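Everything on this sheet refers to the single structure shown next.
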Amino acid sequence: MFRSHTCGELKMADVNKDVTLAGWVQTVRKFGSITFVDLRDRYGITQLLFNESLNEVLDKNPLGREFVLQVTGTVSERSSKNANIATGDIEIAVNSFTILNKSITPPFTIQDDTDGGDELRMKYRFLDLRRNAIKKNLALRYAVGRSTRNYLHENNFMDIETPFLIKSTPEGARDFVVPSRMNAGQFYALPQSPQTFKQLLMVSGYDRYYQIVKCFRDEDLRADRQPEFTQIDCEMSFVEQEDILQMFEGLVRRIFKDVKDIDYTEVIERMTWMNAMWTYGNDKPDIRFGMKLCNLKFPSHTFPAQTDIADLINRADFKVFDEAETVVAIAVPGCANYTRKQTDELTEWVKRPQIGMKGLVFLKCNEDGTFKSSVDKFYTEDKLKAIAAAANAIAGDLVLIVAGAEEKTRKAASDLRMHMGTTLGLRRAEDFKLLWVLDFPLFEYAEEDNRWVARHHPFTSPKPSDIDTMISNDPSIHNPTEYLKHPYANIKANAYDMVLNGNEIGGGSIRIFQKELQQKMFAALGMSEEEQQHKFGFLLGAFEYGAPPHGGLAFGFDRLCAILGGSESIRDFIAFPKNNSGRDVMIDAPSTIDEKQFEELQIRLDLK
RNA sequence: GGGUUGGUAGUUCAGUUGGUUAGAAUGCUGCCCUGUCACGGCAGAGGUCGCGGGUUCGAGUCCCGUCCAGCCCGCCA
C-alpha cells in the first residue's frame, strides 16, 4: 500500500496515529531549518512538517510543485490552526519520505484561482483537472448521473446500449461520418441521438428505456454546445404526454434534492409555445423575472387569439411604428433615471449585427408622474401614458420599444429582456425555476426548398386533434408567400421542452406509432416512397408488427450539470472538452491520417 | 458564412499623441529565515510585442492581409 489515508480525512481524533500519505506537492514553505509542504490528492490537502533532522535530506532532494511524494509520519495537533481547510487542525510530523516522481514546473498554477488562460488549461487539461474547481464540477456531474440512474432504476427503466456506428439520416443536424473499410465507398454516421433505436426498443416491448449516452452533431459550437455531448435519453410505452411530464418532473425534483439539497416542491409552470412567444418572445423563457413583452403591434396571423391595440401607436406620423410589422415594448423596473449615455449604450446594443435593430425607442416614466421619451414630438403625454400603461410600467420604470419585422423584433425584444435581466441582477445562478413549454408547431416552413421541415423531428406525433388535418390535407405548398394559410402551418405537435432559467435542458414528444401516419409525415417533409424505404424502411417495417403507443424525452446532461453548477459554459463540466473549432488541443485532434489508412479505405484525399 | 473582443516575459496583464534601454504582478533560479498556510526579505534570469506586408526618419502603438483563441448571429430534426 502506498498510503494508509487520503489527504482529506485526518482530524484531531487521529492525533498520534502513524500514517502514510501519498500525493502531489502543492506548495513548499521553507523556514530555515523547518519546512512545511502542502500535500494534495483528490480528497484534500494535508500539511506536512519536515523538522530539522529531515531538512538536510530535503536540501539534497529538493521538492518542486507537483512532485509525487510519499511520506510516513505522525499526526500531530498544529500550534496554529487553519480553519480554511478540512484537515487544518492537524499536520503530519514527517519521519521519512520518498519522491515517487518528479515534475517539471507546470505552465500555470494548480489553484482555485489559477493564472492559466483557457487555451493553456485545455492544452494541459490533465493538470487543469487537478484543480478543485474542475474536480468539484466533475463530482457534481457524477452526482447528477447517479441520481438519474437511481430514480430511473426505481421506476423500472432499463439501461440499454445502442450502437454508435449507424446510418446517416437526412433530416436534422449534419452527421459525423466514419468510412467503412470493409464496405469501400460507404460510410457510417455517428448518432445525433439514439432516436430510432429507442423507438425500436419500444416495439420490442422494453417499455421503459433509458441511456446516458454520447451524441454527435457536426454543427458550429458555442459555450454550451460541443460536437460530442451527453444526453439522458428516455423512452416509455403506453403513455400520454401527461405521464411523461410527471415522470420527468419527478426526475428533475430528485436531482435537485440529491445534488443541490433543494426541495423543489412548487408546481412546475406550463406554457404553450404560442404563449411563450407572445409573452417572452422566446420558446425557452427565463421566468425568474418579469419584464414581459407588451405587443403594441403584431401581424394578425401570428397570434389570432390576441386583441390588436395598434391604434395606440399608429397614425402619429412616426414612420418607424407606422411601417413596422411588429412593435414590442418592455418595462424595465426602476431605470427611468438612466442617463443619455446609458440609453445610448442600449441603443448601440440593439443595433449590433447580432440583434440587428435599426434603433431603440425609450420612454421614461418619471417618479413625478411625467413622461419623457425619444418620440415626444410624435406622441402627446396622454398617448405616452397609455403606452406606458399598456406595457405595465409604473413610475420609475424605463420602457424600451423595438420595432421591425415580426421574428427579428420579437427575438430582439427577448434578447433585450434577457440583457436587462442580467444587468439588473435578476438572473442569479443559484435561483432555479423550471418550466414546461408545450404545443410546439409540428412543422416549420423552409423557404429555400418551399417545403415543410419537422420542428422537433420527423417521428413526433401531431396533437390528437390535429391528426385528421394532417391526413386529409395535401402537404404541398402552392403559394409560397401564403404558406401560413396552409392547414399544416397550424398543426401542433405533441411535444414538450423543459426549460430551466432560460435554457432548454430537455425536450421530447409523443411519437408516431402507426405506419400510415409516419409515411404521411415523411411525405409532408418531401420524401418520396423510395426515399422513405431507403432511409427509414426498418422503422416503417417495425411499425407493421404491433408498435405500441410511446413517447419520451432527452435531457442535455452537460448543460443540466453546468446550470446546476452555476455556469454558462459546459466545458468545465466535461473532463476532456473540445474548443470552439471542434479541436481537442491536448491530443491535437482532428489530425491528418497516414496514406496507408487512405489506401485501406480506398479513399483519395482531394481537398478543394 | 457573418459580427465582435483579444493575441506583449513561463503565466495573467499594463503599455500615454508613433519617439531613448518595452513594465508590473505572479511563477522560476539563488541566498537568508523555527510556525507558515497567498509566508516573508534580498538578488537574478526571463521578450522575434501571433505571423506577413505597408505608411513613416522612426511602429508594440497607425493601415491592409492572414492565423489562432473567446463570445455572439446564422446553424444546431
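None of these values were measured; they are calculated from a predicted model. Here is the naming used below: chain letters follow the sequence lines, and residue numbers restart at 1 for every chain.
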Taking it one step at a time, do A:Val57 and A:Phe97 satisfy side chain to side chain contact (heavy atoms under 4.5 Å, CB included)? CA-CA 10 Å; A:Val57 191; A:Phe97 70 94; 4.1 Å; yes

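- As judged by a 4.0 angstrom heavy-atom cut-off over every strand, A:Leu49 is placed among the base-contacting residues.
- With both ends at atom C1', the span from B:U4 to B:G27 equals 32 Å, rounded to whole Å.
- A donor-acceptor pair shorter than 3.5 Å cannot be found between the side chains of A:Arg78 and A:Ser80.
- Across all strands shown, A:Lys123 has no heavy atoms under 4.0 Å from either base or sugar-phosphate atoms.
- Using a 4.0 Å heavy-atom cutoff across all strands shown, A:Glu91 reaches at least one base atom of the nucleic acid.
- When the nearest nucleotides of RNA chain B are assigned to A:Arg217 and A:Val585 by heavy-atom distance, the more 5′-ward of the two goes with A:Val585.
- Going from the P atom of B:C76 to that of B:G54 covers 44 Å, rounded to whole Å.
- As rounded to whole Å, 12 Å separates atom P of B:U26 from atom CG of A:Asp115.
- Each of B:C28, B:G74, B:U26 was ranked by its minimum atom distance to the side chain of A:Arg65; first place goes to B:C28.
- A:Asn580 has a side-chain polar atom (N or O) that falls below the 4.0 Å cut-off from OP1 or OP2 of B:G70.
- In this structure, a donor-acceptor pair under 3.5 Å is present between the side chains of A:Arg29 and A:Gln47.
- A:Phe31 comes within 4.0 angstrom of a base, heavy atoms only.
- In terms of phosphate contacts, A:Arg583 brings no side-chain nitrogen or oxygen within less than 4.0 Å of OP1 or OP2 of B:A69.
- In this structure, the nucleotide among B:G74, B:U11, B:C39 sitting nearest to the side chain of A:Asp220 is B:G74.
- Side chain of A:Asn101 to backbone of A:Val68: no donor-acceptor contact under 3.5 angstrom is found.
- OP1 or OP2 of B:U36 has not a single side-chain nitrogen or oxygen of A:Arg78 nearer than 4.0 Å.
- The local environment of NZ in A:Lys358 is sparse, with at most 12 non-hydrogen atoms from other residues, nucleotides or ligands closer than 6.0 Å.
- To the nearest whole angstrom, the two P atoms, one in B:A69 and one in B:C75, are 24 Å apart.
- B:U56 and B:C62 have their C1' atoms separated by 10 Å, with the value rounded to a whole Å.
- Looking at heavy-atom distances under 4.0 Å, A:Pro458 makes contact with a base.
- Residue A:Lys123 places its NZ atom among 12 or fewer non-hydrogen atoms of other residues, nucleotides or ligands, all under 6.0 Å distant.
- When distances run from any side-chain atom of A:Pro107 to the nucleotides B:U36, B:C72, B:G10, the shortest one goes to B:G10.
- Atom C1' of B:G10 sits at a distance of 13 Å from the matching atom of B:U29, rounded to the whole Å.
- When the C1' atom is compared between B:U55 and B:C72, the two are found 34 Å apart, to the nearest whole Å.
- Pairing of B:C57, defined by two Watson-Crick or G-U wobble distances under 3.5 Å, is identified with B:G19.
- Between A:Met277 and A:Ser414, every side-chain heavy-atom pair lies at or beyond the 4.5 Å cut-off.
- Nucleic acid contact class of A:Asp113 (heavy atoms, under 4.0 Å, all strands): none.
- In this structure, A:Lys284 atom NZ and B:C76 atom P are separated by 14 Å, rounded to whole Å.
- Nucleotide B:C42 forms a Watson-Crick or G-U wobble pair with B:G30, both donor-acceptor distances falling under 3.5 Å.
- If you take CG of A:Leu221 and C1' of B:G70, they are 13 Å apart, rounded to a whole angstrom.
- Using a 4.0 Å heavy-atom distance criterion, A:Thr105 is classed as a sugar-phosphate-only contact.
- For the OP1/OP2 pair of B:G70 and a distance below 4.0 Å, the side-chain nitrogens and oxygens of A:Arg121 include no atom meeting the criterion.
- For B:C73, the base has no donor-acceptor partner in the side chain of A:Gln354 [N/O atoms by modelled type, under 3.5 angstrom].
- The phosphate of B:C39 (OP1 or OP2) has a side-chain N or O of A:Arg29 nearer than 4.0 angstrom.
- A:Arg174 has its CZ atom 11 Å from the P atom of B:C75, to the nearest Å.
- Between A:Phe459 and A:His457, the ring planes lie tilted relative to each other; the angle falls in the 30° to 60° range.
- When the P atom of B:U11 is taken as reference, atom CE of A:Met122 falls 17 Å away, rounded to whole Å.
- Across every strand in view, B:U48 sits unpaired, with no contact that passes the Watson-Crick or G-U test at under 3.5 angstrom.
- Taking atom CD of residue A:Glu348 and atom P of nucleotide B:G3, one finds them 17 Å apart after rounding to whole Å.
- One can find a donor-acceptor pair under 3.5 Å joining the base of B:C37 and the side-chain atoms of A:Ser80.
- With P as the reference atom, B:G1 and B:U61 are 28 Å apart, rounded to whole Å.
- At B:A69, one or more side-chain N or O atoms of A:Ser581 fall inside 4.0 Å of OP1 or OP2 (strictly under the cut-off).
- Using a 30° and 60° split on the angle between ring planes, A:Phe538 and A:Phe536 fall in the tilted class, from 30° to 60°.
- Between A:Ser569 and A:Glu444, the residue anchored nearer the 5' end of RNA chain B, judged by the nucleotide with its closest heavy atom, is A:Ser569.
- For A:Phe36, the side-chain atoms get nearest to B:G35 when compared with the rest of B:C72, B:G74, B:G35.
- In this structure, A:Arg222 reaches the bases: a heavy-atom distance under 4.0 Å links it to at least one base atom across the strands shown.
- Nucleotides B:G53 and B:G60, compared at atom P, are 14 Å apart to the nearest Å.
- Using a 4.0 Å heavy-atom distance criterion, A:Glu119 is classed as a sugar-phosphate-only contact.
- Closest contact between the side chain of A:Asp38 and the listed nucleotides B:G35, B:C73, B:C37 involves B:C37.
- Judged by Watson-Crick or G-U wobble contacts below 3.5 Å, the nucleotide B:A25 has B:U11 as its partner.
- Atom CD in A:Glu219 sits about 11 Å away from atom C1' in B:G74, given to the nearest Å.
- Taking atom CD1 of A:Ile110 as the reference point, atom P of B:G10 lies 18 Å away to the nearest angstrom.
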